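I have placed the structure first, in the form of C-alpha cells, so that the comments after it can refer back to it.
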Amino acid sequence: MKQLKYLLQKEFLQIRRDKTIFKMIIALPVIQLLILPWAATFEQHNISLGVVNNDRGTYSRRLIEKVVSSGYFKLTGYFTSYEQALKAIETDEADLLLEIPGHFEDNFVRQQQTDVMLSVNAVNGQKAGLGASYLGQIIADFNRDVILQQGIQLDLVNLINVMPYFKYNTEMNYRNFMVPGILVMLLTLIGLVLSSMNIVKEKEIGTIEQINVTPVSKFTFILAKLIPFIIIGLVLLTIGLFIARLVYGIFPVGNILLIYLFALFYLSAFLGAGLVISTYSNTQQQAMFVAVFFMIIFLLLSGLFTPVSSMPEWAQTITIFNPIRYFVEVIRLIFMKGSRLMDILPQLGAIIGFALFFNTWAIMNYKKTS
Amino acid sequence: MATSISINNISKKYDDTPALNSISFDINQGELFGLIGPDGAGKTSLFRILTTLLLADGGQASVAGLDVVKQYREIRNIVGYMPGKFSLYQDLSVQENLDFFANVFHTSMEENYDLIRDIYVQIEPFKNRRAGKLSGGMKQKLALCCALIHRPQVLFLDEPTTGVDPVSRKEFWEMLKRLKKENITILVSTPYMDEATLCDRIALIQSGKILSIATPDEITGKYPQKLFAVRSENNYQLLKQLRNDPQVSSAYIFGEYLHVTFKNDVPVIEAEEISPTVEDCFIQLMEMS
C-alpha cells in the first residue's frame, strides 16, 4: 500500500513535469467543447440554390420567395436554361437546382396538377439529402397553402398536417445531444491515448528494467498507472459539465452522480485497453498509432455522429463490442431523458465487463519476466 | 569462502541465435568479479537472467542462495542492478529519483546513507537537477546510488563505464573497491580490458562461451609465448608483412605498437619483450577456440 503511494506520487510528478501533456489536458476539454458543438451540426444551412424559372407568373415567384425565406437556402442566381444551370452545378456554384416549367401557373390552377424538377449535386451526400428533403417539404407546404387559399375542396387526406413533437428534446436542438457525446469523446481520448503511451514510455526509456528489479508487483505498478488518469478523467468531466452548463445551458435532467459512476467504469475500461496496447508496443509511436486507429473506428461506430440503427446489420453487431457506444447512449439518456440507474443497468453491466476484460488482459500481458 | 552467485549450465537462445552456451561458474561472497568480453558476447543476457528479468532456456542459477526462477521475488529485494543503458526517471530530479527508489524498497536515504555517502556527495550539488540533464559521469554516479540505496547483498553493474570519460571511469572503479569492503558481491561487465586488472577475478566471455576464469594475474601468467612489442613508421605496412611471415605466429595492433609472437624461438636481436595484458590473452584464447 505504501509502495502504491510512492508510485502515485511519482506518476503525478511526471505528469506535472510534462508541460505539453499537462497543458493539453487542461486545454483539451475547453477547446473541444467550445468548437465542436457548433461545427458538428446536423442541420444544413446555406445550401446554394440555382433557379430556372420558365414560368414567371406570381405563383412561381411566391414559391421561390418561400424557398429562400426558409433560411436553409442561399439563392445563387436565376438561369435561363437548364443546361446553363447545370454548368453552375459543375462549377460548384449551386448545390441544388429548382426548375419550374412553363405554364406552371396555368397547369396548377386549371388542372390542379403540375411538376417541378429538382436536380441535386450529390457529391456531399448529407447536404444533398437534407437539401432535397427541405425543398420537398417547402414545396408541399406551398402546395397546401395554395389549395387552402383557393378554397378548392380536396380529399382531407391531403390536408393532414404532420406536427412532430420531439420528446426529451422539444426544440430538437442538436447541441443537446452533441455536447454530452463530445464529453464521451474527451474521456475516450484521455483514457486510450494517454494511458497507452504511459507504460511504453517506461519501456522506451528503459526505466521499466529498473522497476522490474524492485519488489513492486505487477498489480501495484498497473494500479499506479491507472489511478492518475481516472482522476484526471473525472476532473475533465467536471470541467466539461461546467462548460456545458455555462456555454450551452445544458444540464443533465437525470442524476449527475450516475454520469460519474458510469464514467468511472468507462475510464477503467479504456485505461485498461490503453495499457493492453502499451504492453504490446515497444515505442510510443507504435502505441499512439494503434490507439488512434482504434479510437477513430470506435468513435465512428459509436452512434455519436450517425445513429447506430442506421448502420448495416454487421456494423451494428460490431457496436456491441464498442464501449464508446454504451457511454454515448447512457450519457444522452441521463442528460435528456433523466434515466435512472435501473434504466441503464444493461449498459453499466457491459462497461464493467469491458473494464474487467481489458485490465485482466493488461495485467496478464505485462510480464515482469520475459 | 561462501558462494554468492552460482551459475550452472545456463543457456539462452534468441530465435536461433545462441546468446549463452551452457555457462557455469561461481562467484564468491564479497568478490569483485569482472565479466570481460566484446559487445554481443552474452554479458547482458547473463545479467538479465541473474536479475530475474529474463528466463534462461536451460540450466539453473542462484543469487545469495535463492533460485532465480522460483525465488525471484526474494531476489528482487536483495540485489541492486544498474543496466547498461541509463534507466532512471529523466524527468525526476536527482533527489526525487533517490527517494523514489529508496521508498519502493521500503527504506529511506537516511537509513543507508553511510553506504552511498562517498558517491552522493559528488552529485549533491545537483540534487535538484533533472536526472536527464546530468552529464554522463553524474548519471552513472546517480545510477549507482539508486542501485545501492537499499543496501543490496549483490550488485550487478552492466557496462557501467561505457561512454564515460577516463577520469570518471577511474573514480568509478575506486568507488567499487570501497564498496567491496562492505562485503557486497559485485558482478561487473565491461568491454574494456584495462579495467579487468582491477577485479578480483575475471571471466573472459566470447560468443556465449567462457574462455577462461581466473585472477587477472593468473590469466596473463598463462600466456604461452614470448610477446614482443615492435613499432615502425608505418605500422599497417609492418603488420601486413609480419602476418605474411611464416615465422610469425600472431601480430596485432595495440595503440602505437604491434604485439607480436613467433612460432619458434627466433633469435630476436632487438625488440622489447613485454608482459601480456588481458587483451593479449583474450585474443590468444579467442584464436584457439
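Note that the structure is predicted; figures quoted are calculated from it, not measured.
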Salt-bridge present (B:R151, B:E182; N to O < 4.0 Å): yes

Under 4.5 Å from a heavy atom of chain A, the part of B:H150 involved: neither

Check ion pair B:D99-A:K10 (N to O, under 4.0 angstrom): no

Donor-acceptor side-chain pairing of B:T161 and B:E195 below 3.5 angstrom: yes

Which of A:Q14, A:K2, A:K5, A:Q9 touches chain B most, by non-hydrogen pairs under 4.5 Å: A:Q14

Distance-only side-chain donor-acceptor flag, A:E209 / B:S87, under 3.5 Å: no

Option that, when pairs with chain A are counted at under 4.5 Å, heavy atom only, ranks first among B:D91, B:L88, B:T51, B:V79: B:D91

A:F262 and A:F327 aromatic centres sub-6.0 Å: yes

Side chain / backbone / both / neither for B:E74 at chain A, heavy atoms under 4.5 Å: neither

Contact summary for A:D18 and A:K201, nearest pair of heavy atoms: OD2-NZ, 4.3 Å

Part of A:L4 within contact of chain B (heavy atom distance under 4.5 Å): neither

Choice from B:F86, B:Y89, B:F156, B:F105 maximising heavy atom contacts with chain A below 4.5 Å: B:Y89

Interface residue of largest heavy-atom contact number with chain B, from A:E202, A:Q3, A:R17, under 4.5 Å: A:R17

